[in-house]
**Student:** 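Take this structure, written in structure tokens, and hold onto it; I'll ask about it next.
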Number of protein chains: 2
Amino acid sequence: METVKRKPQVKAKEKPGQDINYHMTIDCVIYGYDSKTLKIVLLERVLLGKDGKDMLINDLKLPGNHLYNHEDFDAGAKRIVNDLTGLNNIELHQFKAFGSPHRISKRKDLLWFQHINYPVTRVFTIAYYSLLRPHQIHLPLNRIEHARWYPLYKVKNLAYDHQQIIEESLEALRTKIKLQPDLIFNLLPAKFSMSQLLGLYEEIYKIKLDRRNFYKKINSLDYIVQLNEKQQDVSHKPGWLYMFSSDLYEQSMRAVNII
Amino acid sequence: METVKRKPQVKAKEKPGQDINYHMTIDCVIYGYDSKTLKIVLLERVLLGKDGKDMLINDLKLPGNHLYNHEDFDAGAKRIVNDLTGLNNIELHQFKAFGSPHRISKRKDLLWFQHINYPVTRVFTIAYYSLLRPHQIHLPLNRIEHARWYPLYKVKNLAYDHQQIIEESLEALRTKIKLQPDLIFNLLPAKFSMSQLLGLYEEIYKIKLDRRNFYKKINSLDYIVQLNEKQQDVSHKPGWLYMFSSDLYEQSMRAVNII
DNA sequence: GCAAAAGTGTTGATCGTACACCCATGC
DNA sequence: GCATGGGTGTACGATCAACACTTTTGC
């Protein structure tokens with residue numbers, strides 16, 4: 001038993017919080033789907049040389065920020081999405097913490113820290129992903145400057161370890177959707193067509209699905225409800241619209257399957 | 001574009017790392033299975049009153065520690081398991097970060113911080129779970145004092161938010177095993193019987209499985225290999241022993257299923 | 001011989017997969 | 001009338017769930 005006489009196990013070389021002021025940040029991978037392409041929000045990071053012409057740095061980074069002192073992780077992530085888009089009540093999912101001592105070690109990242117007068121210290125980040133509906137994609141994104149949508153599968157050469165964070169967010173999203181398919185409807189409008197849903201699956205998992213089997217599958221799910229309404233203004237046979245019912249979803253999610 | 005003239009978006013009330021020295025810790029839920037019960041390692045936390053008789057605090061906490069300044073999360077988790085057991089090469093899985101400003105606010109936790117002369121500050125923890133084989137369960141655990149095995153489903157009234165951390169670790173473990181069933185074999189000896197495996201599934205998911213269907217299922221998995229060997233010293237018909245082949249597992253994990 | 005756990009097969013329902021042709025609309 | 005995507009059915013194989021009796025061993 002640990003008694004009042006035993007002092008806690010703080011080892012000499014540990015010195016928690018004394019050698020280094022840790023920084024805690026939140027980074028958020030914000031996903032959107034425009035019925036064609038999965039996109040994410042990135043911010044530009046540009047550093048011009050002394051002559052004002054050379055671009056010493058010109059790359060992209062995830063929207064992220066320092067955590068406030070009395071803010072919990074979820075609230076921090078919400079704040080970031082809200083800063084970018086003005087939106088509240090967005091689905092947010094913490095998926096991993098990143099904290100390698102070497103995550104800020106690339107030359108351009110050190111240069112950037114020097115530029116913004118930051119001590120090169122240890123920066124932890126709690127990574128979230130977030131899913132926006134198409135009408136939310138077209139928001140101005142002007143609450144933070146230099147934010148734009150970029151096609152997920154084409155981004156490269158990001159700042160820090162943000163490439164890795166994005167890749168892991170996609171893996172986490174894919175896994176989550178397999179287990180909780182309701183998530184995917186956060187990327188679709190309230191009323192969507194069968195091929196929008198199919199296209200979204202194909203885009204997320206980078207696969208080709210058989211349309212007939214997909215229709216059959218979806219129609220067998222009672223929580224995806226066919227509306228009495230069809231597509232408008234399309235130059236082909238208009239398809240039925242569907243909606244996702246979270247009530248019916250909750251009901252049908254009682255059954256389980258294990259091994 | 002963000003240029004050299006724009007200073008970064010550090011807001012006044014934010015003051016990263018200046019108002020508060022953050023502490024970063026790792027906590028680890030270490031699981032073991034003794035062919036009956038799922039168990040986890042906990043440490044006793046006892047604080048005696050001035051008369052040396054009253055126990056002001058007498059509860060349990062997860063093994064955890066501060067992260068070293070130049071250590072990444074995975075290494076920190078490994079170190080904790082190693083400190084406890086002397087073991088290396090243990091499977092470790094980061095599953096969530098906990099950082100609510102209120103996670104140290106219960107009366108007994110504040111009392112404890114006062115006792116160990118800690119500033120009540122903000123403590124983040126990166127939570128891991130870890131799976132030990134039965135022969136590893138019986139290690140002395142004497143590298144850190146006051147560590148004992150406790151039945152998972154009976155622990156309560158833990159320190160800090162450790163009850164919640166344990167619950168979420170179990171959820172994460174359950175989910176992970178559904179997707180990557182190889183994990184479960186880390187809780188079994190290298191040679192195990194069919195009913196050990198069945199019992200482990202039943203214990204993890206708290207369900208009852210049909211033995212005939214389970215045998216059929218397991219026998220259909222080619223990565224679980226029947227050995228030419230039976231149980232010894234059991235007072236009933238001895239069962240066949242099996243082993244898990246990670247090579248065959250890797251091969252069979254190419255196929256996918258999505259919706 | 002008895003307690004305790006091992007081992008085993010069939011049936012019906014459900015689900016996944018492969019595959020090709022006609023339909024409604026805008027232009 | 002043509003281009004575009006919408007909508008549909010069948011057959012086979014695989015998998016899942018339900019269900020009860022016999023076998024082998026230690027004591």
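Note on naming: letters A, B, ... go to the chains in the order of the sequence lines (proteins, then strands), and numbering restarts at 1 for each one.
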**Student:** Would you please confirm or rule out a distance under 4.0 Å between OP1 or OP2 of dG6(D) and any side-chain N or O of Ser195(A)?
**Tutor:**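 Yes, Ser195(A) has a side-chain N/O under 4.0 Å of OP1/OP2 on dG6(D).
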
**Student:** Would you classify Ser193(B) as touching base, sugar-phosphate or nothing, given that sugar-phosphate means primed atoms plus P, OP1 and OP2, and contacts are heavy atoms under 4.0 Å?
**Tutor:**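 Since no nucleic acid heavy atom lies under 4.0 Å of Ser193(B), the category is nothing.
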
**Student:** May I have the distance from Leu241(B) (atom CG) to dA6(C) (atom P), rounded to whole angstrom?
**Tutor:**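 Taking atom P of dA6(C) as the reference, CG of Leu241(B) is at 11 Å.
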
**Student:** List the residues meeting salt bridge (Lys or Arg N to Asp or Glu O under 4.0 Å) with Lys156(B), not counting sequence neighbours, and say none if there are none.
**Tutor:**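 In terms of salt bridge (Lys or Arg N to Asp or Glu O under 4.0 Å), with neighbours along the sequence ignored, Lys156(B) is linked to no residue.
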
**Student:** Return no unless some side-chain N or O of Lys217(B) is found under 4.0 Å from OP1 or OP2 of dT15(D).
**Tutor:**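 Checking Lys217(B) against dT15(D): no side-chain N or O falls below 4.0 Å of OP1 or OP2.
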
**Student:** Using only heavy-atom distances, determine whether the side chains of Tyr160(A) and Thr125(A) contain a donor-acceptor pair under 3.5 Å.
**Tutor:**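 No, no side-chain donor-acceptor pair sits under 3.5 Å.
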
**Student:** Tabulate atom names and distances for all N/O pairs under 3.5 angstrom spanning the protein and nucleotides 22-24 of chain D.
**Tutor:**
| residue | atom | partner | partner atom | Å |
| --- | --- | --- | --- | --- |
| dT24(D) | O2 | Lys237(B) | N | 3.0 |

**Student:** Any salt bridge (charged side-chain N to carboxylate O under 4.0 Å, His left out) involving residues 222-249 of chain A? Give me the pairs, sequence neighbours left out, ordered by first then second residue.
**Tutor:**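 Every pair satisfying salt bridge (charged side-chain N to carboxylate O under 4.0 Å, His left out) with a residue in residues 222-249 of chain A: Lys191(A)-Glu229(A).
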
**Student:** If the condition is ring-ring contact (aromatic ring centres under 6.0 Å, His included), which residues does Tyr129(A) pass it with, not counting sequence neighbours?
**Tutor:**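 Tyr129(A) satisfies ring-ring contact (aromatic ring centres under 6.0 Å, His included) with His93(A), Phe95(A) once adjacent residues are dropped.
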
**Student:** Which part of the nucleic acid, if any, lies within contact of Ser220(A), taking any heavy atom under 4.0 Å across all strands shown: a base, the sugar-phosphate backbone alone, or nothing?
**Tutor:**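 It contacts nothing in the nucleic acid.
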
**Student:** Is NZ or CZ of Lys96(A) both nearer than 6.0 Å to the six-membered ring centre of Phe98(A) and within 45° of the ring axis?
**Tutor:**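 The answer is yes; both the distance and angle limits are met.
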
**Student:** Under the rule for salt bridge (Lys or Arg N to Asp or Glu O under 4.0 Å), what residues qualify as partners of Lys78(A), not counting sequence neighbours?
**Tutor:**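 Here no residue qualifies.
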
**Student:** At a cut-off of 3.5 Å, list every protein nitrogen or oxygen paired with a nitrogen or oxygen from nucleotides 8-10 of chain D, distance to 0.1 Å.
**Tutor:**
| residue | atom | partner | partner atom | Å |
| --- | --- | --- | --- | --- |
| dT10(D) | O4 | Lys216(A) | NZ | 2.9 |

**Student:** Hey, could you give me the CG/CZ distance between Leu92(A) and Phe73(A), rounded to the nearest 0.5 Å?
**Tutor:**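 The distance works out to 14.0 Å.
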
**Student:** Just by modelled atom types, is the Phe185(B) backbone N or O under 3.5 Å from a matching donor or acceptor in the Arg133(B) side chain?
**Tutor:**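 At least one qualifying donor-acceptor pair exists.
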
